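Lettering of chains follows the sequences in order, A, B, ..., and the numbering in each one begins at 1. The figures that follow rest on heavy atoms only: side chains count, while hydrogens, waters and symmetry mates do not. Just so you know, these numbers come straight off a predicted model, no measurement behind them.
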There are 2 protein chains.
Amino acid sequence: MIAATQSNHPLATVSDPVPAVSAMNEARARIRLAGLRITKPRLAIIDALLRRHGPSSTEHIHQEMGARRCDMVTVYRCLAAFEQLGMVRRSYLHNGTCLYELTLGAAARHYHIVCKACGSPERVDYLPVKGIEQLLQDRGYTEVSHVVEFFGICPKCQPATARGVSVTVPADLRA
Amino acid sequence: MIAATQSNHPLATVSDPVPAVSAMNEARARIRLAGLRITKPRLAIIDALLRRHGPSSTEHIHQEMGARRCDMVTVYRCLAAFEQLGMVRRSYLHNGTCLYELTLGAAARHYHIVCKACGSPERVDYLPVKGIEQLLQDRGYTEVSHVVEFFGICPKCQPATARGVSVTVPADLRA
DNA sequence: CGGTAAATTCCAAGTCTTGCATGATTATCA
DNA sequence: TGATAATCATGCAAGACTTGGAATTTACCG
(Lines give C-alpha, C1' and ligand atoms only; values in the text may rest on other atoms or scores of the structure.)
Protein backbone atom coordinates (compact mmCIF):
# COMPACT_ATOMS: atom_id res chain seq x y z
CA MET A 1 0.00 0.00 0.00
CA ILE A 2 0.97 3.50 -0.49
CA ALA A 3 0.51 4.35 3.06
CA ALA A 4 0.27 8.05 2.71
CA THR A 5 1.84 11.02 1.21
CA GLN A 6 4.63 12.07 3.39
CA SER A 7 5.27 15.43 4.65
CA ASN A 8 7.89 15.33 7.34
CA HIS A 9 6.54 16.38 10.61
CA PRO A 10 8.38 17.54 13.68
CA LEU A 11 7.75 15.44 16.70
CA ALA A 12 7.34 16.41 20.26
CA THR A 13 9.57 14.54 22.61
CA VAL A 14 7.52 13.07 25.39
CA SER A 15 8.38 11.81 28.85
CA ASP A 16 10.60 8.83 29.58
CA PRO A 17 8.85 5.61 30.60
CA VAL A 18 11.51 2.88 30.93
CA PRO A 19 15.28 2.86 31.42
CA ALA A 20 16.85 2.40 28.01
CA VAL A 21 18.98 -0.60 28.93
CA SER A 22 16.21 -2.80 30.26
CA ALA A 23 13.99 -1.71 27.42
CA MET A 24 16.58 -2.87 24.95
CA ASN A 25 16.87 -6.19 26.72
CA GLU A 26 13.14 -6.64 26.69
CA ALA A 27 13.08 -5.89 23.01
CA ARG A 28 15.75 -8.51 22.32
CA ALA A 29 13.87 -11.04 24.39
CA ARG A 30 10.63 -10.44 22.55
CA ILE A 31 12.27 -10.73 19.16
CA ARG A 32 13.95 -13.95 20.16
CA LEU A 33 10.77 -15.31 21.72
CA ALA A 34 8.92 -14.80 18.47
CA GLY A 35 11.52 -16.91 16.69
CA LEU A 36 12.99 -13.94 14.87
CA ARG A 37 16.64 -13.05 14.65
CA ILE A 38 18.52 -10.28 16.30
CA THR A 39 20.24 -8.28 13.61
CA LYS A 40 22.16 -5.06 13.49
CA PRO A 41 19.48 -3.13 11.61
CA ARG A 42 16.83 -4.24 14.08
CA LEU A 43 18.88 -3.20 17.06
CA ALA A 44 19.66 0.11 15.47
CA ILE A 45 16.00 0.76 14.76
CA ILE A 46 15.01 0.00 18.34
CA ASP A 47 17.83 2.20 19.51
CA ALA A 48 16.57 5.07 17.41
CA LEU A 49 13.06 4.60 18.75
CA LEU A 50 14.33 4.53 22.31
CA ARG A 51 16.26 7.75 21.89
CA ARG A 52 13.19 9.54 20.61
CA HIS A 53 10.85 8.62 23.45
CA GLY A 54 7.87 9.16 21.24
CA PRO A 55 6.34 8.62 17.83
CA SER A 56 8.92 8.64 15.04
CA SER A 57 8.64 8.70 11.29
CA THR A 58 10.44 6.11 9.21
CA GLU A 59 12.62 8.84 7.88
CA HIS A 60 13.65 10.00 11.29
CA ILE A 61 14.49 6.47 12.32
CA HIS A 62 16.54 5.95 9.21
CA GLN A 63 18.57 9.09 9.75
CA GLU A 64 18.98 8.40 13.44
CA MET A 65 20.65 5.09 12.69
CA GLY A 66 23.87 6.82 11.79
CA ALA A 67 26.70 4.52 10.80
CA ARG A 68 24.50 1.47 11.19
CA ARG A 69 22.12 2.81 8.61
CA CYS A 70 20.45 0.22 6.42
CA ASP A 71 18.19 0.21 3.43
CA MET A 72 14.87 2.01 3.80
CA VAL A 73 13.11 -1.17 2.80
CA THR A 74 14.56 -2.86 5.85
CA VAL A 75 13.18 -0.15 8.09
CA TYR A 76 9.71 -0.67 6.74
CA ARG A 77 9.89 -4.41 7.05
CA CYS A 78 11.33 -4.38 10.55
CA LEU A 79 8.70 -1.98 11.77
CA ALA A 80 6.00 -4.15 10.26
CA ALA A 81 7.45 -7.16 12.04
CA PHE A 82 7.68 -5.28 15.33
CA GLU A 83 4.13 -4.15 14.96
CA GLN A 84 2.94 -7.71 14.57
CA LEU A 85 4.81 -8.62 17.72
CA GLY A 86 3.07 -5.81 19.52
CA MET A 87 6.38 -4.09 20.23
CA VAL A 88 5.54 -1.08 18.15
CA ARG A 89 2.36 0.85 17.62
CA ARG A 90 1.45 3.05 14.72
CA SER A 91 -0.09 6.49 14.85
CA TYR A 92 -1.73 7.81 11.76
CA LEU A 93 -1.22 11.42 10.84
CA HIS A 94 -3.95 13.48 9.31
CA ASN A 95 -2.38 13.11 5.89
CA GLY A 96 -2.15 9.36 6.13
CA THR A 97 1.51 9.18 7.07
CA CYS A 98 2.41 6.94 9.95
CA LEU A 99 4.52 7.37 13.04
CA TYR A 100 5.91 4.46 15.01
CA GLU A 101 6.29 4.23 18.74
CA LEU A 102 7.77 1.57 21.00
CA THR A 103 5.42 -0.09 23.44
CA LEU A 104 7.70 -1.85 25.90
CA GLY A 105 7.54 -2.10 29.63
CA ALA A 106 4.14 -1.97 31.22
CA ALA A 107 3.30 1.11 29.21
CA ALA A 108 -0.44 1.61 29.25
CA ARG A 109 -2.25 2.14 26.01
CA HIS A 110 -2.58 5.78 25.18
CA TYR A 111 -3.55 7.85 22.18
CA HIS A 112 -2.41 11.03 20.50
CA ILE A 113 -3.79 14.25 19.26
CA VAL A 114 -1.84 15.36 16.23
CA CYS A 115 -1.72 18.96 15.10
CA LYS A 116 -2.96 19.30 11.56
CA ALA A 117 -0.64 22.26 11.00
CA CYS A 118 2.71 21.31 12.51
CA GLY A 119 2.20 17.59 13.01
CA SER A 120 3.39 17.42 16.59
CA PRO A 121 1.68 14.74 18.65
CA GLU A 122 0.61 15.01 22.25
CA ARG A 123 -0.58 12.25 24.53
CA VAL A 124 -4.20 11.64 25.28
CA ASP A 125 -4.93 9.29 28.12
CA TYR A 126 -8.25 7.78 27.46
CA LEU A 127 -9.49 4.24 27.59
CA PRO A 128 -13.21 3.51 27.12
CA VAL A 129 -12.57 1.41 24.02
CA LYS A 130 -12.03 -1.90 25.76
CA GLY A 131 -15.75 -2.40 26.20
CA ILE A 132 -16.35 -2.10 22.48
CA GLU A 133 -13.68 -4.63 21.69
CA GLN A 134 -15.35 -7.08 24.03
CA LEU A 135 -18.64 -6.40 22.33
CA LEU A 136 -17.12 -7.10 18.95
CA GLN A 137 -15.65 -10.37 20.15
CA ASP A 138 -19.12 -11.32 21.29
CA ARG A 139 -20.23 -10.61 17.73
CA GLY A 140 -17.80 -13.24 16.55
CA TYR A 141 -14.75 -11.19 15.62
CA THR A 142 -11.31 -12.38 16.67
CA GLU A 143 -7.95 -10.64 16.82
CA VAL A 144 -9.73 -7.40 17.49
CA SER A 145 -7.65 -4.26 17.53
CA HIS A 146 -8.33 -0.62 16.96
CA VAL A 147 -6.94 2.70 15.85
CA VAL A 148 -7.89 5.95 17.48
CA GLU A 149 -6.45 9.27 16.43
CA PHE A 150 -7.43 12.81 17.23
CA PHE A 151 -6.63 15.77 15.03
CA GLY A 152 -6.81 19.47 15.63
CA ILE A 153 -4.91 22.72 15.46
CA CYS A 154 -2.69 23.07 18.48
CA PRO A 155 -2.57 26.34 20.45
CA LYS A 156 0.80 27.32 19.02
CA CYS A 157 -0.34 27.04 15.43
CA GLN A 158 -3.60 28.87 15.79
CA PRO A 159 -2.53 32.46 15.20
CA ALA A 160 -0.42 31.35 12.28
CA THR A 161 -3.12 29.43 10.46
CA ALA A 162 -5.71 32.05 11.30
CA ARG A 163 -3.61 34.62 9.44
CA GLY A 164 -3.15 32.19 6.59
CA VAL A 165 0.56 32.06 7.22
CA SER A 166 2.14 28.76 6.30
CA VAL A 167 3.87 27.15 9.19
CA THR A 168 7.46 26.35 8.42
CA VAL A 169 9.39 23.91 10.49
CA PRO A 170 13.02 24.25 11.53
CA ALA A 171 15.14 21.83 9.53
CA ASP A 172 16.60 20.18 12.60
CA LEU A 173 13.19 19.05 13.73
CA ARG A 174 12.36 17.34 10.51
CA ALA A 175 12.14 13.67 9.66
CA MET B 1 1.11 11.98 1.06
CA ILE B 2 1.40 8.49 -0.08
CA ALA B 3 -1.76 7.50 1.54
CA ALA B 4 -1.25 3.81 1.66
CA THR B 5 -0.45 0.84 -0.33
CA GLN B 6 -3.58 -0.31 -1.96
CA SER B 7 -4.96 -3.71 -1.90
CA ASN B 8 -8.44 -3.77 -3.28
CA HIS B 9 -10.97 -4.79 -0.77
CA PRO B 10 -14.50 -5.93 -1.27
CA LEU B 11 -17.07 -3.83 0.44
CA ALA B 12 -20.27 -4.75 2.11
CA THR B 13 -23.23 -2.81 0.91
CA VAL B 14 -25.03 -1.29 3.85
CA SER B 15 -28.52 0.08 4.35
CA ASP B 16 -30.00 3.07 2.57
CA PRO B 17 -30.22 6.34 4.52
CA VAL B 18 -31.52 9.07 2.22
CA PRO B 19 -33.40 9.18 -1.09
CA ALA B 20 -30.84 9.62 -3.83
CA VAL B 21 -32.41 12.68 -5.42
CA SER B 22 -32.59 14.84 -2.34
CA ALA B 23 -29.14 13.66 -1.35
CA MET B 24 -27.78 14.83 -4.66
CA ASN B 25 -29.45 18.18 -4.23
CA GLU B 26 -28.06 18.55 -0.78
CA ALA B 27 -24.61 17.73 -2.10
CA ARG B 28 -24.90 20.38 -4.81
CA ALA B 29 -26.05 22.93 -2.27
CA ARG B 30 -23.19 22.23 0.07
CA ILE B 31 -20.62 22.46 -2.69
CA ARG B 32 -22.07 25.72 -3.87
CA LEU B 33 -22.32 27.07 -0.33
CA ALA B 34 -18.65 26.47 0.20
CA GLY B 35 -17.86 28.57 -2.85
CA LEU B 36 -16.78 25.59 -4.90
CA ARG B 37 -17.91 24.77 -8.40
CA ILE B 38 -20.23 22.11 -9.61
CA THR B 39 -18.45 20.07 -12.22
CA LYS B 40 -19.15 16.88 -14.08
CA PRO B 41 -16.50 14.84 -12.27
CA ARG B 42 -17.76 15.95 -8.90
CA LEU B 43 -21.31 15.03 -9.69
CA ALA B 44 -20.21 11.69 -11.05
CA ILE B 45 -18.23 10.97 -7.90
CA ILE B 46 -21.15 11.77 -5.66
CA ASP B 47 -23.35 9.66 -7.85
CA ALA B 48 -21.00 6.72 -7.49
CA LEU B 49 -20.93 7.15 -3.73
CA LEU B 50 -24.70 7.31 -3.59
CA ARG B 51 -25.09 4.12 -5.55
CA ARG B 52 -22.81 2.26 -3.20
CA HIS B 53 -24.53 3.19 0.07
CA GLY B 54 -21.38 2.53 2.00
CA PRO B 55 -17.64 2.98 2.14
CA SER B 56 -16.02 2.96 -1.29
CA SER B 57 -12.45 2.82 -2.43
CA THR B 58 -11.13 5.44 -4.82
CA GLU B 59 -10.76 2.71 -7.38
CA HIS B 60 -14.31 1.61 -7.08
CA ILE B 61 -15.50 5.18 -7.45
CA HIS B 62 -13.35 5.66 -10.48
CA GLN B 63 -14.70 2.58 -12.21
CA GLU B 64 -18.26 3.36 -11.22
CA MET B 65 -18.08 6.69 -13.03
CA GLY B 66 -18.49 4.98 -16.36
CA ALA B 67 -18.52 7.30 -19.32
CA ARG B 68 -18.02 10.34 -17.12
CA ARG B 69 -14.78 8.90 -15.87
CA CYS B 70 -12.07 11.38 -15.08
CA ASP B 71 -8.46 11.25 -14.04
CA MET B 72 -7.63 9.47 -10.81
CA VAL B 73 -6.01 12.65 -9.57
CA THR B 74 -9.35 14.37 -9.80
CA VAL B 75 -10.98 11.68 -7.72
CA TYR B 76 -8.41 12.18 -4.99
CA ARG B 77 -8.71 15.93 -5.07
CA CYS B 78 -12.48 15.95 -5.07
CA LEU B 79 -12.69 13.52 -2.19
CA ALA B 80 -10.23 15.61 -0.23
CA ALA B 81 -12.35 18.68 -0.89
CA PHE B 82 -15.53 16.88 0.10
CA GLU B 83 -13.90 15.67 3.24
CA GLN B 84 -13.02 19.21 4.24
CA LEU B 85 -16.62 20.21 3.68
CA GLY B 86 -17.71 17.38 5.93
CA MET B 87 -19.63 15.75 3.10
CA VAL B 88 -17.45 12.69 3.10
CA ARG B 89 -15.81 10.70 5.80
CA ARG B 90 -12.79 8.44 5.53
CA SER B 91 -12.38 5.00 6.98
CA TYR B 92 -8.91 3.65 7.29
CA LEU B 93 -8.28 0.05 6.46
CA HIS B 94 -5.83 -2.07 8.36
CA ASN B 95 -3.20 -1.62 5.69
CA GLY B 96 -3.54 2.16 5.58
CA THR B 97 -5.79 2.32 2.54
CA CYS B 98 -8.81 4.55 2.83
CA LEU B 99 -12.48 4.16 2.03
CA TYR B 100 -14.80 7.10 1.52
CA GLU B 101 -18.39 7.38 2.58
CA LEU B 102 -20.96 10.10 2.05
CA THR B 103 -22.33 11.78 5.15
CA LEU B 104 -25.39 13.62 3.97
CA GLY B 105 -28.79 13.92 5.55
CA ALA B 106 -28.97 13.67 9.30
CA ALA B 107 -26.83 10.56 9.26
CA ALA B 108 -25.44 10.03 12.73
CA ARG B 109 -21.77 9.46 13.19
CA HIS B 110 -20.89 5.81 13.21
CA TYR B 111 -17.78 3.71 12.96
CA HIS B 112 -16.70 0.50 11.29
CA ILE B 113 -15.06 -2.73 12.08
CA VAL B 114 -13.07 -3.89 9.10
CA CYS B 115 -12.11 -7.50 8.60
CA LYS B 116 -8.37 -7.89 8.31
CA ALA B 117 -8.81 -10.84 5.98
CA CYS B 118 -11.52 -9.90 3.51
CA GLY B 119 -11.73 -6.16 4.14
CA SER B 120 -15.49 -5.96 4.45
CA PRO B 121 -16.66 -3.26 6.85
CA GLU B 122 -19.56 -3.50 9.25
CA ARG B 123 -21.14 -0.70 11.21
CA VAL B 124 -20.38 -0.05 14.84
CA ASP B 125 -22.64 2.37 16.63
CA TYR B 126 -20.68 3.87 19.37
CA LEU B 127 -20.30 7.41 20.53
CA PRO B 128 -18.39 8.18 23.73
CA VAL B 129 -15.76 10.17 21.85
CA LYS B 130 -17.52 13.53 21.98
CA GLY B 131 -16.44 14.08 25.58
CA ILE B 132 -12.81 13.71 24.64
CA GLU B 133 -13.12 16.22 21.84
CA GLN B 134 -14.58 18.72 24.28
CA LEU B 135 -11.72 18.05 26.62
CA LEU B 136 -9.22 18.69 23.84
CA GLN B 137 -10.90 21.94 22.96
CA ASP B 138 -10.54 22.97 26.56
CA ARG B 139 -6.84 22.23 26.18
CA GLY B 140 -6.72 24.84 23.43
CA TYR B 141 -7.10 22.73 20.30
CA THR B 142 -9.43 23.88 17.55
CA GLU B 143 -10.93 22.10 14.55
CA VAL B 144 -10.84 18.90 16.51
CA SER B 145 -11.73 15.73 14.67
CA HIS B 146 -10.94 12.10 15.13
CA VAL B 147 -10.53 8.74 13.48
CA VAL B 148 -11.69 5.54 15.06
CA GLU B 149 -11.36 2.19 13.37
CA PHE B 150 -11.70 -1.32 14.63
CA PHE B 151 -10.06 -4.31 13.02
CA GLY B 152 -10.55 -8.01 13.45
CA ILE B 153 -11.21 -11.26 11.67
CA CYS B 154 -14.87 -11.58 10.86
CA PRO B 155 -16.75 -14.82 11.54
CA LYS B 156 -16.80 -15.82 7.89
CA CYS B 157 -13.06 -15.57 7.49
CA GLN B 158 -12.11 -17.40 10.65
CA PRO B 159 -12.06 -21.01 9.48
CA ALA B 160 -10.21 -19.91 6.37
CA THR B 161 -7.43 -18.04 8.12
CA ALA B 162 -7.24 -20.67 10.83
CA ARG B 163 -6.42 -23.25 8.17
CA GLY B 164 -3.91 -20.89 6.63
CA VAL B 165 -5.97 -20.71 3.47
CA SER B 166 -5.69 -17.46 1.63
CA VAL B 167 -9.00 -15.74 1.16
CA THR B 168 -9.69 -14.96 -2.45
CA VAL B 169 -12.26 -12.42 -3.40
CA PRO B 170 -14.69 -12.72 -6.31
CA ALA B 171 -13.60 -10.35 -9.03
CA ASP B 172 -16.96 -8.62 -9.17
CA LEU B 173 -16.58 -7.46 -5.60
CA ARG B 174 -13.24 -5.85 -6.14
CA ALA B 175 -12.29 -2.21 -6.30
C1' DC C 1 33.60 -23.98 12.34
C1' DG C 2 30.13 -25.37 8.76
C1' DG C 3 25.23 -25.69 7.27
C1' DT C 4 20.59 -24.01 7.10
C1' DA C 5 17.27 -20.68 6.97
C1' DA C 6 15.99 -16.22 7.70
C1' DA C 7 17.07 -11.21 6.84
C1' DT C 8 18.90 -7.69 4.11
C1' DT C 9 19.81 -5.58 -0.11
C1' DC C 10 18.93 -4.17 -4.80
C1' DC C 11 15.69 -3.75 -8.47
C1' DA C 12 11.18 -2.94 -9.97
C1' DA C 13 6.29 -1.94 -9.92
C1' DG C 14 2.37 0.27 -7.98
C1' DT C 15 -0.11 3.98 -5.73
C1' DC C 16 -0.65 8.46 -4.15
C1' DT C 17 0.71 13.31 -4.09
C1' DT C 18 2.30 17.91 -5.96
C1' DG C 19 3.40 21.56 -9.82
C1' DC C 20 2.16 23.64 -13.89
C1' DA C 21 -0.41 24.60 -18.08
C1' DT C 22 -4.88 24.10 -20.10
C1' DG C 23 -9.80 23.92 -19.90
C1' DA C 24 -14.25 24.75 -17.61
C1' DT C 25 -17.46 27.18 -14.62
C1' DT C 26 -19.23 31.19 -12.46
C1' DA C 27 -20.02 36.11 -12.09
C1' DT C 28 -20.20 40.57 -14.31
C1' DC C 29 -21.74 43.64 -17.71
C1' DA C 30 -23.95 45.18 -21.87
C1' DT D 1 -30.10 36.74 -22.72
C1' DG D 2 -25.32 36.52 -24.57
C1' DA D 3 -20.51 37.53 -24.31
C1' DT D 4 -16.31 38.40 -21.55
C1' DA D 5 -13.17 38.04 -17.66
C1' DA D 6 -11.60 35.95 -13.44
C1' DT D 7 -10.94 32.05 -10.98
C1' DC D 8 -11.28 27.52 -9.93
C1' DA D 9 -10.87 22.67 -11.52
C1' DT D 10 -8.83 19.25 -14.38
C1' DG D 11 -5.27 16.61 -16.81
C1' DC D 12 -0.60 15.43 -17.54
C1' DA D 13 3.98 14.66 -15.95
C1' DA D 14 7.23 14.27 -12.37
C1' DG D 15 8.37 12.96 -7.69
C1' DA D 16 7.88 10.36 -3.20
C1' DC D 17 6.71 6.51 -0.41
C1' DT D 18 5.63 1.75 0.10
C1' DT D 19 5.53 -3.10 -1.23
C1' DG D 20 7.00 -7.46 -3.77
C1' DG D 21 10.54 -10.58 -5.79
C1' DA D 22 15.26 -12.72 -6.46
C1' DA D 23 19.98 -13.03 -5.02
C1' DT D 24 23.35 -12.33 -1.58
C1' DT D 25 24.63 -11.85 3.15
C1' DT D 26 24.06 -12.79 7.98
C1' DA D 27 22.55 -14.98 12.29
C1' DC D 28 21.78 -19.06 14.72
C1' DC D 29 22.29 -24.10 15.84
C1' DG D 30 24.81 -28.19 16.14
S.K.: Which listed nucleotide (D/dC12, C/dT26, D/dT10) is nearest to the side chain of B/Thr74?
M.R.: D/dT10

S.K.: Measure the distance from CZ on A/Arg77 to P on C/dA6 and round it to the nearest whole Å.
M.R.: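 The distance from CZ of A/Arg77 to P of C/dA6 comes to 15 Å, rounded to the nearest Å.
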
S.K.: Mind checking side chain to side chain donor-acceptor pair (under 3.5 Å) for A/Thr58 and listing every partner two or more places apart, or none if nothing turns up?
M.R.: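 A/Thr58 satisfies side chain to side chain donor-acceptor pair (under 3.5 Å) with no residue once adjacent residues are dropped.
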
S.K.: Calculate the interatomic distance between A/Met65 atom CE and C/dT8 atom P; express it in whole Å.
M.R.: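 Rounded to the whole Å, the gap is 9 Å.
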
S.K.: Could you check whether A/Glu149 and A/His112, counting side-chain N and O atoms only, form a donor-acceptor pair closer than 3.5 Å?
M.R.: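 Per modelled atom types, A/His112 and A/Glu149 side chains form no pair under 3.5 Å.
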
S.K.: What residues form a salt bridge (Lys or Arg N to Asp or Glu O under 4.0 Å) with B/Arg30, not counting sequence neighbours?
M.R.: B/Glu26

S.K.: Between C1' on C/dA7 and CD1 on A/Ile45, what's the gap in Å once rounded to a whole number?
M.R.: 11 Å

S.K.: Quick one: B/Asp71 CG to C/dT18 C1', roughly how many Å, whole number?
M.R.: 13 Å

S.K.: Rounding to an integer number of Å, can you tell me how far B/Phe82 CZ sits from D/dC8 C1'?
M.R.: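 The answer, rounded to whole Å, is 14 Å.
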
S.K.: Return the set of residues passing side chain to side chain contact (heavy atoms under 4.5 Å, CB included) with A/His62 (not counting sequence neighbours), or none when no residue passes.
M.R.: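 With sequence neighbours excluded, A/His62 shows a side chain to side chain contact (heavy atoms under 4.5 Å, CB included) to A/Arg69, A/Met72, A/Val75, given in chain and number order.
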
S.K.: Please state how far atom CG in A/Leu85 lies from atom P in C/dA7, giving the value in whole angstrom units.
M.R.: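 For the pair A/Leu85 CG and C/dA7 P, the rounded distance is 10 Å.
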
S.K.: Could you tell me the separation between the CZ atom of A/Arg28 and the C1' atom of D/dA27, rounded to a whole number of Å?
M.R.: 12 Å

S.K.: Would you list the atom pairs, donor with acceptor, under 3.5 Å between side chains in residues 31-46 of chain A and any protein atom, with sequence neighbours excluded?
M.R.:
residue: A/Arg32; atom: NE; partner: A/Leu36; partner atom: O; Å: 3.2
residue: A/Thr39; atom: OG1; partner: A/Arg42; partner atom: N; Å: 3.4
residue: A/Arg42; atom: NH1; partner: A/Arg37; partner atom: O; Å: 2.8

S.K.: Just jot down the salt bridge (Lys or Arg N to Asp or Glu O under 4.0 Å) partners of A/Arg139, sequence neighbours excluded, or say none.
M.R.: B/Glu122

S.K.: To the nearest Å, how far apart are B/Arg32 CZ and D/dC8 P?
M.R.: 12 Å

S.K.: Let's see if you get this right: which residues in residues 36-44 of chain A place a heavy atom under 4.0 Å from DNA chain D?
M.R.: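 By residue number: A/Arg37, A/Ile38, A/Lys40.
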
